[in-house]
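Report on one structure; see the data block that follows.
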Protein chains: 2
Amino acid sequence: MTSASEDTIASRISRILADRIVTGQLDPGTKLRQDHIAEEFGTSHVPVREAFRRLEAQGLAVSEPRRGVRVASFDLKEVREVAQMRAALEVLALRHAAPHLTAAILDQAEEATVAGDNSRDVRSWEEANRRFHTLILTPCGMPRLLAAISDLHAASARFLFASWRSEWEVRTDHDHRAILAFLRQGNIENAAPVLERHVQWIGQKPVRNASGTTRDAFAIVG
Amino acid sequence: MTSASEDTIASRISRILADRIVTGQLDPGTKLRQDHIAEEFGTSHVPVREAFRRLEAQGLAVSEPRRGVRVASFDLKEVREVAQMRAALEVLALRHAAPHLTAAILDQAEEATVAGDNSRDVRSWEEANRRFHTLILTPCGMPRLLAAISDLHAASARFLFASWRSEWEVRTDHDHRAILAFLRQGNIENAAPVLERHVQWIGQKPVRNASGTTRDAFAIVG
DNA sequence: GCCCTTGACGCTTTATCCAAAACCATGCCT
DNA sequence: AGGCATGGTTTTGGATAAAGCGTCAAGGGC
């Protein structure tokens with residue numbers, strides 16, 4: 001378990017780069033130079049190119065033929081787009097997962113919610129939040145749907161990290177608890193709309209730039 | 001326009017392979033041997049591997065590390081899954097596209113419907129059907145959503161080609177006309193549910209196998 | 001002074017080459 | 001006769017090398 005050597009170098013590179021893009025270590029628009037990356041990982045650039053293709057498919061990078069690959073940029077419009085896609089697909093997944101949800105699963109989801117509330121930084125909050133959504137949706141047993149949702153989660157997380165770079169305030173997640181309460185009653189018809197709104201909620205607040213000016217930051221928080 | 005040389009060899013290979021998989025020229029489970037394909041296209045295996053990554057992301061191929069790449073298999077469960085994802089996402093796209101739909105676009109969509117009704121084979125019907133959906137959804141201006149829908153269309157088409165291999169009966173597409181009628185009235189609230197049902201409709205009919213036995217074939221027809 | 005050419009450089013893209021893992025068939029041993 | 005070891009063969013995955021396209025800047029023509 002120590003190494004990921006059971007899968008290919010390309011997939012390892014793709015995972016690490018995806019993480020860097022999502023967490024904001026790589027800024028939008030940054031050029032990804034294949035032999036620099038290859039050198040960093042101690043490989044040739046062939047697997048790096050394959051990793052690029054995967055990032056491209058995930059919407060984390062854009063490639064212009066013969067001009068190289070760059071970290072995908074995004075704007076408020078795309079944040080909204082991803083949020084709405086997530087809303088549509090997560091509701092679908094929840095409707096199919098609901099019949100298979102057990103008390104044990106819901107308990108785990110509650111633990112994830114608590115972990116989120118107790119998180120001291122964005123990163124651990126995001127991890128807990130993702131665990132919550134994954135837990136209640138996975139039982140739908142629709143692999144393609146889950147894969148699509150997972151990619152959208154990565155995009156959401158990217159927006160989240162991009163806005164809340166420094167400060168982080170603790171909040172308690174009432175939406176998650178409401179969803180859990182409905183699911184415990186087997187009341188999917190009420191749980192679904194809450195999830196739909198929850199995922200689409202986009203926080204917006206003024207953020208002071210280094211230059212002293214303020215701009216509206218935004219973030220998907222669901 | 002004669003050559004696709006304006007983009008990379010990898011993308012050309014990926015397009016051609018995708019087409020072969022979708023149209024059923026490549027059966028599910030078929031192993032895709034990289035240097036055979038490389039030889040066929042007169043290239044090396046490097047761009048072929050990149051094409052594999054794209055096919056993988058589209059769900060048309062599955063790759064096991066060190067064991068190669070195979071054409072993805074599918075079953076009725078996945079057909080349903082794709083249909084429901086399409087329903088959810090196409091409805092979302094339509095809601096956003098509706099305000100931007102012009103009479104000219106709707107006329108083109110009607111032409112596509114007529115072309116579909118007049119199609120003599122599955123291939124041209126599929127092309128016309130896809131044109132219809134693309135026309136009424138593209139104005140939503142949500143590129144990521146449209147890309148996702150496009151991949152799902154490819155999957156749908158694959159199921160379609162898999163079932164209707166030989167025979168093909170002409171039908172007139174009442175759903176398309178109903179949707180167009182509602183859209184012409186600007187009545188999106190009625191158009192959306194029709195589209196949602198239309199996309200999820202899965203044809204099912206007995207098909208005689210070569211062995212004389214019959215099985216239930218299925219196909220997404222929307 | 002401004003625009004276009006031209007050449008050098010870096011990067012992407014593809015080809016050729018190599019090692020290691022997986023597959024297949026044969027034959028040996030039980 | 002059947003299962004397991006073992007060799008060769010195929011195939012994947014990666015490294016290295018070479019070729020081609022894009023970019024940028026300096027210099028010359030208008």
Side-chain angles (χ1 to χ4, degrees), chain A residues 1-21 25-73, chain B residues 1-21 25-73:
Chain A
M1 193 64 74
T2 56
S3 80
S5 57
E6 53 198 66
D7 45 27
T8 145
I9 292 184
S11 75
R12 192 169 61 93
I13 295 178
S14 129
R15 263 201 311 277
I16 294 175
L17 288 183
D19 187 70
R20 285 188 195 163
I21 295 174
Q25 295 169 51
L26 287 170
D27 285 322
T30 306
K31 277 202 288 197
L32 297 174
R33 251 102 35 129
Q34 55 187 23
D35 32 7
H36 292 198
I37 297 173
E39 192 183 8
E40 179 194 336
F41 286 95
T43 71
S44 84
H45 56 255
V46 180
V48 175
R49 292 180 60 78
E50 290 184 39
F52 283 172
R53 295 296 159 264
R54 183 168 309 189
L55 294 175
E56 210 183 337
Q58 289 175 320
L60 296 177
V62 291
S63 135
E64 293 174 282
R66 299 253 156 218
R67 312 255 329 246
V69 176
R70 307 177 153 269
V71 176
S73 60
Chain B
M1 195 62 76
T2 56
S3 79
S5 57
E6 54 197 69
D7 44 27
T8 146
I9 292 184
S11 74
R12 193 168 60 94
I13 295 178
S14 129
R15 264 201 310 277
I16 294 175
L17 288 183
D19 187 69
R20 285 188 195 162
I21 296 174
Q25 295 170 51
L26 287 171
D27 286 322
T30 306
K31 277 202 290 196
L32 298 174
R33 252 96 41 123
Q34 55 186 18
D35 32 7
H36 291 201
I37 296 173
E39 193 183 8
E40 179 194 335
F41 286 95
T43 72
S44 82
H45 77 268
V46 179
V48 174
R49 293 180 58 78
E50 290 185 37
F52 283 171
R53 294 296 158 265
R54 182 168 310 188
L55 295 175
E56 209 183 338
Q58 289 176 321
L60 295 177
V62 290
S63 135
E64 293 172 283
R66 297 246 155 225
R67 311 262 324 250
V69 175
R70 306 176 156 271
V71 176
S73 59

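Reckoned from all heavy atoms, side chains included, excluding hydrogens, waters and symmetry mates. To find a chain, count down the sequence lines: A is the first, B the second, and so on, and within it residues start at 1.
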For residues Arg54(B) and Glu56(A), determine if any side-chain heavy atom of one lies less than 4.5 Å from a side-chain heavy atom of the other.
yes
At the 4.0 Å heavy-atom cut-off to chain B, mark where contacts on DNA chain D begin and end, going 5' to 3'.
dT11(D) to dG14(D)
Under 4.0 Å: is that the gap between some side-chain N or O of Arg66(B) and OP1 or OP2 of dA21(C)?
no
Gln34(B) CD - dT14(C) C1' separation (whole Å):
15 Å
If each of Lys31(B) and Thr43(B) is mapped to the nucleotide of DNA chain C with the nearest heavy atom, which maps nearer the 5' terminus, i.e. the 5' end?
Thr43(B)
Rounded to whole Å, CG of Asp35(A) lies from C1' of dC9(C) at a distance of 13 Å
Please report the distance, rounded to the nearest Å, between CZ in Arg49(A) and C1' in dT12(C).
6 Å
Flag side-chain contact, heavy atom, 4.5 Å: Glu50(A) against Ile9(A):
no
Would you say Ile16(B) and Glu40(B) make side-chain contact, with heavy atoms under 4.5 Å?
no
Tell me the interatomic distance from Arg53(A), atom CZ, to dT12(C), atom C1', rounded to whole angstroms.
10 Å
Should the heavy atoms of other residues, nucleotides or ligands under 6.0 Å from CD of Glu39(B) be counted, would the total exceed 12?
no
I need the CZ-P distance between Arg67(A) and dG10(C), as an integer number of Å.
18 Å
Interatomic distance, Arg33(A) CZ vs dC9(C) P [rounded to whole Å]
18 Å
Measure the distance from CD on Glu39(A) to P on dC11(C) and round it to the nearest whole Å.
11 Å
How about Phe52(A) and Leu32(A): do any of their side-chain heavy atoms sit closer than 4.5 Å?
yes
Using the rule given for side-chain contact (heavy atoms from CB on, under 4.5 Å), can you reason through Val69(B) versus Arg49(B), listing the C-alpha separation, both sets of side-chain angles and the distance that settles it, and then say yes or no?
CA-CA 9 Å; Val69(B) 175; Arg49(B) 293 180 58 78; over 6 Å; no
Would you say Ser63(B) and Arg53(B) make side-chain contact, with heavy atoms under 4.5 Å?
yes
How long is the line joining CD1 of Ile9(B) and P of dT12(C), in whole Å?
17 Å
How would you label the contact of His45(A) with the nucleic acid (heavy atoms, under 4.0 Å): base, sugar-phosphate, or nothing?
base
